[in-house]
Amino acid sequence: MDRFSWSNGLLEINETLVIQQRGVKLYDGDDKAKLDVGLALLSTHQLIWRDVKNHECCIAMPLSQIIFFEEQAAGIGKSAKIVIHLHPVPANKEPGPYQHSKYSYIKLSFKEHGQIEFYRRLTEEMTQKRWENTPVSQQIPTGTRPQAGRTRAVGIVGIERKIEEKRKETDKNISEAFEDLSKLMVKAKEMVEVSRSIANKIKDKQGDITEDETIRFKSYLLSMGIANPVTRETHGSGTHYHLQLAKQLGDMLQAPLEERGGMMALTEVYCLVNRARGMELLSPEDLVNACRMFESLKLPLRLRVFDSGVMVVQLQSHSEEEMIASALDNVSDKGSLTAEEFAKLLGLSVLLSKERLLLAEKMGHLCRDDSVEGLRFYPNLF
């Protein structure tokens with residue numbers, strides 16, 4: 001800690017702020033320094049620490065004082081640290097918080113994380129040694145009153161440079177973050193073109209394509225995504241958009257509903273549809289509005305709302321009597337069933353299984369036993 005000197009926290013003419021991190025505690029060797037948790041700043045020339053409560057308490061140390069540094073992993077109740085080993089104290093060092101220290105190293109303890117990025121940036125600066133490129137004549141003199149005005153001006157320039165560097169760094173991070181997404185979008189567009197081409201071939205019935213092959217192709221298209229998804233750009237907004245969307249949902253959901261016993265929760269439908277649509281995602285509101293038009297369009301699907309508020313999409317042929325009879329038969333065969341057990345028997349979700357059992361109970365065919373072991377349904381013998 002005796003390598004640190006008191007500082008005003010201002011940057012030199014050719015100095016640039018690299019990174020800053022809040023919640024950093026300083027250690028003099030293995031001992032906690034007599035300073036509070038503060039803000040650590042790494043520039044191209046020096047390591048700066050500032051008290052967040054008392055901004056006048058600011059110390060700095062040239063990066064040229066560092067020999068090497070290493071990471072110290074976090075432990076139980078201990079924060080991750082960076083251990084920095086230092087050269088001996090130079091003879092012309094300015095005064096600081098410590099006049100003498102028995103240690104030749106310090107520790108930066110990161111209470112709010114951020115040590116990985118700080119370590120990476122420190123490694124870069126120690127490798128590049130940009131402080132050696134600054135001419136001596138351009139360094140800011142300190143400790144003399146006539147230079148106070150110049151120091152303040154350079155401080156403003158340093159702040160402006162810091163803001164500009166931070167903006168460039170943010171732009172770089174955003175560009176890197178969206179680079180993979182852009183590649184994914186290009187591939188997704190290619191897949192949509194392939195599926196659209198296959199869909200057109202099926203529609204035109206070009207070549208010797210049998211009915212079984214047509215069905216198989218359509219299943220492949222569903223796994224890749226809807227070939228021509230209905231969007232607001234292609235079909236406008238409002239009622240016309242929801243009508244076209246309802247027709248497309250009617251074609252798409254027929255096979256999945258038959259595979260799932262004729263009924264699917266609206267949340268399952270939402271996930272299935274958006275997976276198939278690729279990047280043209282559908283909002284929950286548009287899905288509900290489209291499903292409400294099934295009946296008016298005379299499609300073989302219906303939107304149903306149970307008494308509990310659970311919304312499902314079911315086949316028109318899927319009658320309430322069949323659901324009640326199925327629930328009663330299974331409960332009678334097993335003697336009693338919970339919603340989880342009923343779900344395993346039918347291959348349905350627990351939510352839909354419970355709604356079927358509650359419906360059978362409502363019609364007087366089942367009765368319940370609600371205990372600490374859970375809700376169990378029995379045949380109603382009364």
Side-chain angles (χ1 to χ4, degrees), residues 170-171 173-203 215-306 308-316 348-352 355:
T170 302
D171 292 343
N173 291 338
I174 292 174
S175 299
E176 291 176 354
F178 279 97
E179 185 176 349
D180 292 337
L181 182 59
S182 299
K183 294 179 181 177
L184 178 62
M185 290 174 68
V186 171
K187 290 295 181 184
K189 290 178 180 178
E190 292 177 3
M191 294 301 295
V192 169
E193 289 298 326
V194 171
S195 63
R196 183 180 290 116
S197 174
I198 297 174
N200 291 335
K201 289 180 180 179
I202 293 174
K203 187 183 298 182
I215 294 171
R216 194 179 307 159
F217 268 126
K218 287 185 176 179
S219 67
Y220 293 157
L221 289 179
L222 180 59
S223 65
M224 288 192 297
I226 298 174
N228 298 293
V230 174
T231 64
R232 292 186 181 275
E233 287 76 13
T234 58
H235 292 81
S237 59
T239 305
H240 179 68
Y241 167 65
H242 293 133
L243 283 171
Q244 296 301 319
L245 183 59
K247 292 178 181 179
Q248 189 172 71
L249 292 176
D251 295 335
M252 174 193 171
L253 296 175
Q254 185 84 22
L257 282 169
E258 291 174 355
E259 293 173 0
R260 291 168 173 80
M263 180 183 292
M264 289 176 63
L266 197 60
T267 50
E268 293 180 69
V269 173
Y270 178 77
C271 295
L272 180 67
V273 170
N274 274 327
R275 190 185 109 184
R277 288 175 66 91
M279 294 182 296
E280 301 293 345
L281 299 181
L282 198 62
S283 71
E285 182 182 2
D286 286 337
L287 178 62
V288 172
N289 289 333
C291 290
R292 285 173 177 161
M293 294 186 173
F294 287 156
E295 188 171 0
S296 62
L297 292 172
K298 297 182 180 180
L299 296 172
L301 309 180
R302 293 291 182 269
L303 176 66
R304 175 172 184 165
V305 183
F306 285 101
S308 62
V310 174
M311 304 177 76
V312 300
V313 174
Q314 66 180 38
L315 295 172
Q316 186 181 9
L348 297 175
S349 67
V350 176
L351 181 65
L352 293 183
E355 291 299 332

**Prompt:** Does the pair M264 and L272 meet the rule for a side chain to side chain contact (heavy atoms under 4.5 Å, CB included), with working shown?
**Reply:** CA-CA 10 Å; M264 289 176 63; L272 180 67; 4.1 Å; yes

**Prompt:** Applying salt bridge (Lys or Arg N to Asp or Glu O under 4.0 Å), which residue pairs with at least one partner in residues 289-301 are found, sequence neighbours left out?
**Reply:** none

**Request:** List the steps and the verdict of side chain to side chain contact (heavy atoms under 4.5 Å, CB included) for L301 and L257.
**Result:** CA-CA 9 Å; L301 309 180; L257 282 169; 3.3 Å; yes

**Asked** Do you know which two heavy atoms are closest between F294 and L303, and how far apart they sit?
**Response** CD1-N, 4.2 Å

**Message:** Using every non-hydrogen atom in the two residues, find where L297 and A246 come nearest and quote the distance to one decimal.
**Reply:** CD1-CB, 3.7 Å

**Asked** For the atom pair OH (Y270) and CG (D286), what is the distance rounded to the nearest 0.5 Å?
**Response** 9.5 Å

Are the side chains of [X] and [Y] in touch, meaning some heavy atoms are under 4.5 Å apart?
X    : Y    : value
D251 : L299 : no
E355 : V312 : no
C291 : L287 : yes

**Prompt:** Could you walk me through whether L282 and L245 pass the side chain to side chain contact (heavy atoms under 4.5 Å, CB included) check?
**Reply:** CA-CA 10 Å; L282 198 62; L245 183 59; 3.4 Å; yes

Which residues share a side chain to side chain contact (heavy atoms under 4.5 Å, CB included) with [X], sequence neighbours left out:
X    : value
L351 : V310, S349
E285 : S283, N289
E258 : Q254, L315

**Request:** State which residues pass side-chain hydrogen bond (donor to acceptor under 3.5 Å, both in side chains) with S296; sequence neighbours excluded, sorted by chain then number.
**Result:** none

**Prompt:** For R304, what residues pass the salt bridge (Lys or Arg N to Asp or Glu O under 4.0 Å) criterion, not counting sequence neighbours?
**Reply:** E320

